Asks: 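Dropping the structure in here first, questions after.
Position 1 is the first residue of the sequence, and the numbers go up from there. Note: hydrogens, waters and symmetry copies are ignored here, and every other heavy atom, side chains too, is used. All figures in this text were calculated on a predicted structure; none of them were measured in a lab.
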Amino acid sequence: MTIMIVQGPHAQASSLSRELLGQLKQLALAAGRTVEVCTCVGLREFVARVRTARPHSTEFMVLAPGTLAQQSRLHPEAGLGDALGALGMPYVEVQDGESLPEQANSFEHGPLATVVVNGDARTSYSIALGIALKRLAA
């Protein structure tokens, strides 16, 4: 089964590099899981990806909205809150220091955790994947 990473646009230091993705895939594979990545360029695409996730093929999501975090606060009508509320699986958020929410999410079904490691994508994504693998092994 799959762990889906859905990411929005990020500053270069916070993006998911090919090398890092390869390492995450190896870690997941060692635990009997796979990792897929969906890179979204806009808020609508990000929300659509969250809405279309299906529990039969995706067990866990890692959401890394990047610069879309601020857009989602400015445009609640885009429906990210509703999409997260209807998400049928656990998720973890990966945030960089520049796109931190002003306050904790008020969504009914919030993330299991929010990982914030300023400018260190490797650590952020590794922690998020570790949480996902631990949760799925339970």
Asks: Does the side chain of Thr39 pick up a donor-acceptor pair with the side chain of Gln7 at under 3.5 Å?
Replies: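 Yes.
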Asks: If you measure from CD on Gln70 to CG on Leu43, what distance do you get to the nearest 0.5 Å?
Replies: 11.5 Å
Asks: Would you call Val35 and Val62 a side-chain contact if the rule is heavy atoms closer than 4.5 Å?
Replies: no
Asks: Testing Leu63, Ile131, Leu129, Ile3 one by one against Val92 for a side chain to side chain contact (heavy atoms under 4.5 Å, CB included), which residue passes?
Replies: Ile131
Asks: For Pro111 and Thr114, which heavy atoms make the closest approach, and how far apart are they?
Replies: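 Looks like CG-OG1, 3.7 Å.
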Asks: Hey, does Glu59 have a side-chain heavy atom less than 4.5 Å from the side chain of Thr2?
Replies: no
Asks: Answer yes or no: is there a side-chain heavy-atom contact under 4.5 Å between Pro65 and Gln95?
Replies: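 A side-chain contact under 4.5 Å exists here.
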Asks: Among all residues two or more places apart in sequence or in another chain, which pass the side-chain contact (heavy atoms from CB on, under 4.5 Å) test with Glu77?
Replies: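 By the side-chain contact (heavy atoms from CB on, under 4.5 Å) rule, Glu77 matches His75.
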Asks: Can you name the closest pair of heavy atoms from Arg51 and Ala78 and give their distance?
Replies: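 Minimum heavy-atom contact is NH2-O, 4.3 Å.
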Asks: Is there side-chain contact between Thr58 and Met89, with at least one heavy-atom pair below 4.5 Å?
Replies: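 Contact flag for Thr58/Met89 side chains = yes.
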Asks: Please report the interatomic distance OG1(Thr34) to NZ(Lys25), rounded to the nearest 0.5 Å.
Replies: 8.5 Å
Asks: Could you state the interatomic distance from OH (Tyr91) to CG (Leu112), rounded to the nearest 0.5 Å?
Replies: 8.5 Å
Asks: Rounded to the nearest 0.5 Å, what separates atom CZ in Phe60 from atom CD1 in Ile5?
Replies: 11.0 Å
Asks: For Leu24 and Val37, what are the C-alpha separation, side-chain angles and deciding distance, and is it a side-chain contact (heavy atoms from CB on, under 4.5 Å)?
Replies: CA-CA 11 Å; Leu24 296 175; Val37 177; over 6 Å; no
Asks: Establish whether Leu21 and Val94 are linked, either directly or via other cluster members, by ILVMFWY side-chain heavy-atom contacts under 4.5 Å.
Replies: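 Shared cluster, yes.
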Asks: Going from CD on Glu36 to CE on Met4, what distance comes out if it is rounded to the nearest 0.5 angstrom?
Replies: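 Result: 4.5 Å between the selected atoms.
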Asks: Look up atom CD in Glu45 and atom CG in Leu68, then write down how far apart they are to the nearest 0.5 Å.
Replies: 9.0 Å
Asks: Between Arg122 and Glu19, does any side-chain N to carboxylate O distance fall below 4.0 Å?
Replies: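 Salt bridge: yes.
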Asks: May I ask you to test the Leu133-Arg33 pair for a side-chain heavy-atom distance under 4.5 Å?
Replies: yes
Asks: Closer than 3.5 angstrom, by distance alone: can the side chain of Ser72 be matched with the main-chain N or O of Ala69 as a donor-acceptor pair?
Replies: yes
Asks: Without swapping roles, check the side chain of Arg54 against the backbone of Gly88 for a donor-acceptor pair under 3.5 Å.
Replies: no
